[in-house]
Amino acid sequence: MTEPSTQQPRRSPLPPTDTDSGGRSTVPLDSTAQLLTRITAQLGTQLSLVSRNGTRRPMHRTRPSDTLRPSDTPRHPAAPRPSPAEAAPPTLLVVAHGSRDPQALRTVLALLDRVRDLRPGLDVRLGHIELNQPLLPDTLDGLRGSDAVLVPLLLGRGHHVKHDLPAAAAAAPSVRTRIAAPLGPHPLLVEALYGRLVEAGWDPADEGGRRAAVVLAAAGSRDPDSAQDTRRTARMLAERLGGVPVVPAYASAATPTVPAALRALAARGRHRTFVASYFTAPGRFASAAASAAPRTAAVPLGAHPAMARLLLHRYDQALSATAPSEMVSLLASA
């Protein structure tokens, strides 16, 4: 009997194979782990061809390397971008009173150009209450379907702010409108008044002097809130001038008149008096006030840089007031 050999049989480098009935080799036999991996891969490939709603996705060819170039990487559909009309802020609609003086319209247009320079891309338009084109209703008619903030180029609360502007907005229901507060009182308005006085010859050395004084010449209104706003601006300007007396006076509808205020100051020994023009643009009232001044009167506020900043401030302030009650508050107290 031959003793069995202790040498281990040589392992074939190839995996075990199946054979057919004739002993011929067929497909190599995989291990259990390899077989499960292959089944899982094939199943994943089949499932990837089925969408969540059960429909079959179109099959794409694959390259021999089974790799995707960066350009082939699936991308999520881009979110729709808002149209320019949706992204644009509300129109700033400056509401001026209007005047027969041809200089008035030129002055207001120059002011609007300053506003556009400060905020490029903002739609800035003009509408007049009377006397000049375009009139406010016409400007609103051109803004149908849009949003607009009506910023009055007016210096205090009065009939135009309280009644004319809300009535014009109500008559244009196709425009979504907000109404900003009037320009005054506000420190930026005082800064513009001070700048115009310096241009007219006001010397900072006069501040605190016993002979200097200022008459704040305004249009005037029967509305007590308007007079209150003018008096408050006069107090703020007096503080800016270092305590120099500032007396409000009016061209119509209220007292004292500019000549009467100048006489009263002279009686108190205030002979170095200046007239500050509390008007947004040239006009009949501004000319009448200037003619009463003993020396060169300050020109209207017009396109002073502080006025442009103030218009934008009132615009932004109105946008930040979301509730109707807040809008009422803006008009009630600036």
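The basis for the numbers below is simple: all heavy atoms, side chains too, and nothing from hydrogens, waters or symmetry mates.
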Partner of Leu92 under side-chain contact (heavy atoms from CB on, under 4.5 Å), chosen from Asp123, Leu150, Val151: Val151
Can we say Arg309 and Glu191 salt-bridge, meaning some charged N sits less than 4.0 Å from an Asp/Glu carboxylate O? no
Side chains of Thr233 and Tyr278: donor-acceptor distance under 3.5 Å anywhere? yes
Asp117 CG to Leu122 CG distance, which is reported to the nearest 0.5 Å: 12.0 Å
Applying the 4.5 Å side-chain criterion to the ILVMFWY set and letting contacts propagate, would Tyr250 and Phe285 be lumped into a single cluster? no
Output yes when Lys162 and Asp225 qualify as a salt bridge under the 4.0 Å nitrogen-oxygen rule, no when they do not. yes
So Val215 and Thr273, do their side chains get closer than 4.5 Å, heavy atoms only? no
For the rings on His128 and His97, is their centre-to-centre separation under 6.0 Å? no
Assess the side chains of Gln317 and Arg314: does a donor N or O sit below 3.5 Å from an acceptor N or O? yes
Between the main-chain N or O of Ala303 and the side-chain N or O of Arg114, is there a donor-acceptor pair closer than 3.5 Å? yes
Is the shortest side-chain heavy-atom distance between Met236 and Pro185 below 4.5 Å? yes
Spell out, yes or no, whether Ile129 and Leu135 are grouped together once hydrophobic residues are joined by side-chain heavy atoms under 4.5 Å, including indirect joins. no
Within-4.5 Å side-chain heavy-atom neighbours: Pro294 and Leu262: yes
Do Phe279 and Leu155 come close enough that some side-chain heavy atom pair is under 4.5 Å? no
Okay, side chain of Arg270, backbone of Ala212: is any donor-acceptor separation there less than 3.5 Å? yes
Inspect the surroundings of CZ in Arg222 and state if more than 12 heavy atoms from other residues, nucleotides or ligands are less than 6.0 Å away. no
Same hydrophobic cluster for Leu131 and Leu126, using side-chain heavy-atom links shorter than 4.5 Å among ILVMFWY? no
Hydrophobic cluster membership, with links at side-chain heavy-atom distances under 4.5 Å among I/L/V/M/F/W/Y: are Leu237 and Val247 in one? no
Minimum side-chain heavy-atom gap Thr107-Pro282 below 4.5 Å: yes
Do Tyr315 and Leu301 belong to the same hydrophobic cluster, where Ile, Leu, Val, Met, Phe, Trp and Tyr are linked whenever their side-chain heavy atoms lie under 4.5 Å apart, directly or via other members? yes
Walk me through it: do Leu118 and Leu312 pass the test side chain to side chain contact (heavy atoms under 4.5 Å, CB included)? CA-CA 9 Å; Leu118 288 175; Leu312 286 170; 3.7 Å; yes
So Val149 and Asp316, do their side chains get closer than 4.5 Å, heavy atoms only? no
Give the intermediate values and the outcome of side chain to side chain contact (heavy atoms under 4.5 Å, CB included) for residues Arg284 and Arg100. CA-CA 8 Å; Arg284 178 168 59 92; Arg100 292 185 177 88; over 6 Å; no
From CG (Leu154) to NE2 (His159), nearest 0.5 Å: 12.0 Å
Mark yes or no for whether Ser221, through its side chain, and Asp223, through its backbone, hold a donor-acceptor pair below 3.5 Å. yes
Rounded to the nearest 0.5 Å, how far does CZ of Arg125 lie from OG of Ser146? 7.0 Å
Before accepting this row, confirm whether a basic side-chain N of the pair Asp113/Arg116 lies closer than 4.0 Å to the acidic partner's carboxylate O. yes
Flag the pair Glu130 / Asp164 as yes when at least one side-chain heavy-atom distance between them is below 4.5 Å, and no otherwise. no
So His186 and His313, would you call those rings parallel, tilted or perpendicular, with 30° and 60° as cut-offs? tilted
For Arg295, look at atom CZ and say whether over 12 heavy atoms of other residues, nucleotides or ligands are found less than 6.0 Å away. yes
In the structure I gave you, are the side-chain heavy atoms of Leu310 and Leu189 within less than 4.5 Å of one another anywhere? yes
Using 0.5 Å steps for rounding, measure from the CZ atom of Arg240 to the CG atom of Leu197. 10.5 Å
